[in-house]
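Below is one structure; the comments refer to it alone.
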Amino acid sequence: MRIGILGGGQLARMLALEGIPLGHRFTVLERAPDPPAGVASTVVAAAYDDPDGLAAVARASEVVTYEFENVPAESAAFLAARLPALPPPGALQVAQDRLAEKRVFRELGIATAPFHPVDGPADVEEAVAVTGVPAVIKTRRLGYDGKGQVVVRSPGEAEAAVERLGAGLIAERFVAFDRELSVLAVAGRDGGRAFYPLTENHHEGGILRVSYAPAPSLVPPRASEPAPSSVPSPDRTPSLQATAERLASLVLDRLDYVGVLAIELFEHQGRLLANEMAPRVHNSGHWTLDGADVSQFENHIRAVTGMPLAAPRVRGPTAMVNIIGELPNLGAVAAIPGAHLHIYDKTPRPGRKIGHINVTGSDEAAVKHATARVWKLLPGAGELPRAARG
Ligand code: AMP
């Protein structure tokens, strides 16, 4: 099939690289010159709201999808009037607005941190009465990688933050979470569903640094291994997985969703709280390129083209390390058994994601060991964020 993608960055690149073996061809709409997806697609060089550019992508494609959620509503509507645009524009609209997505979670009975809209200093008192302090004040739109958000410890700090950030904000209770998790769910055009195991994510400065998948306590002990103790200790992660799949299913249903949907979660005292959703393939699913037999990228392509989804089988414990700002010595990384390079062909710049390394191994200890070696090769890397267990 001929597939159009809005955006030509690393997500579009990996979608195309995984979709080409299935027999598809790709056209991306991307204004930046020489985009990462250009190696595997035809590039229409125009802005996301350029009618000629959108029309060119529509002409070249039988279905169109996105690599980012902030597609202008008019662009999504323009495309949806001409060809299947998936995930549906309504899902994009919800995911573009932190307040709208939190309201959808609440309407579906999915737990979140208490939240309240804030449109100016006059709303702070009421908001703080709902959230308490500390709280996080976030812009409702266009915030990413921790940008446009402030943690406040008093109503006075909240007011100052609101004055600085302006209108169109949301206040949320600050959650002292045990860990951050995400679930990747896939819905097919044929109604099929697939889920990846919960992934444990570690951020620094608002940017994802390392993911561990399946989230460590999900890995059941091997049958041949003796039980760690004679007293059975309830492993709560399997039930978290069931909960995550249930809540993701509710969202997929509510949004008439097709494609990969990522939901970011906080694990807090054994409960899952939904933080936000991304209507696209997601950085916390990059491990699936090497750690599962079918990647999130392939399943997204299967979903939007109407192919049956593949129930992903996990190959083993996997870590994903983002390469941010500067490349490591690639030969040295490649020399580490189990390290798989994924370089995006982007100009290095501080804070920019320019690649990732998936680390696989026969067991958690091997993955941990290799991940520590990979981490040491990253320029300027501090301490390796350790998995919450193991
Ligand atoms: P977000 O852009 O909402 O994904 O937020 C970026 C990061 O900020 C999250 O991954 C968390 O580490 C942190 N964060 C966001 N919201 C909260 C919250 N309500 N409580 C505690 N930490 C948060």
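Both ligands and their constituent atoms are indexed starting at 1 by order of listing. Since the structure is predicted, the reported quantities are computational estimates derived from the model, not experimental observations.
The aromatic rings of His356 and Tyr344 lie tilted to each other, with the angle between the two planes from 30° to 60°. Note on ring orientation: taking the six-membered ring where Trp is involved, the planes of Tyr48 and Phe68 are tilted (angle from 30° to 60°).
In terms of modelled atom types and a separation under 3.5 Å, the side chain of Arg31 and the main chain of Ala45 share no donor-acceptor contact. At distances below 3.5 Å, at least one donor-acceptor pair connects side-chain atoms of Arg98 with backbone N or O atoms of Thr139.
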### Task
Mind running salt bridge (charged side-chain N to carboxylate O under 4.0 Å, His left out) on Glu298 and Arg302 for me, showing each step along the way?
CA-CA 6 Å; Glu298 176 174 336; Arg302 285 173 174 245; 2.8 Å; yes
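Which of Glu204, Glu276, His203, Glu180 comes nearest to atom 12 (O) of ligand 1 through a heavy atom is settled by distance: it is Glu180. Within the set Arg98, Glu172, Lys138, the minimum heavy-atom distance to atom 15 (C) of ligand 1 is found for Lys138.
Phe78 carries Arg82 over the face of its six-membered ring, with the cationic atom under 6.0 Å from the centre and within 45° of the normal.
Contacts of Asn275 with ligand 1, taken as heavy-atom pairs under 4.0 Å, involve the side chain alone.
When each atom of ligand 1 is checked for a heavy atom of Phe174 under 4.0 Å away, the hits are 20 (N), 21 (C), 22 (N). In the vicinity of Arg173, heavy-atom distances shorter than 4.0 Å reach the ligand 1 atoms 18 (C), 19 (N), 20 (N). Listed by number with element, the atoms of ligand 1 under 4.0 angstrom from any heavy atom of Gln149 are 1 (P), 2 (O), 3 (O), 5 (O), 6 (C), 8 (O), 15 (C). Interface of Phe177 with ligand 1, defined as ligand atoms under 4.0 Å from a residue heavy atom, comprises 12 (O), 21 (C), 22 (N). Close approach of ligand 1 to Val136 (heavy-atom distance below 4.0 Å) involves ligand atoms 17 (C), 18 (C), 19 (N), 20 (N). For ligand 1, the atoms lying closer than 4.0 Å to a non-hydrogen atom of Glu264 are 4 (O).
Residue Phe266 has no N or O atom closer than 3.5 Å to an N or O atom of ligand 1.
A distance of 9.5 Å separates CD1 in Ile357 from CG in Asn322, rounded to the nearest 0.5 Å.
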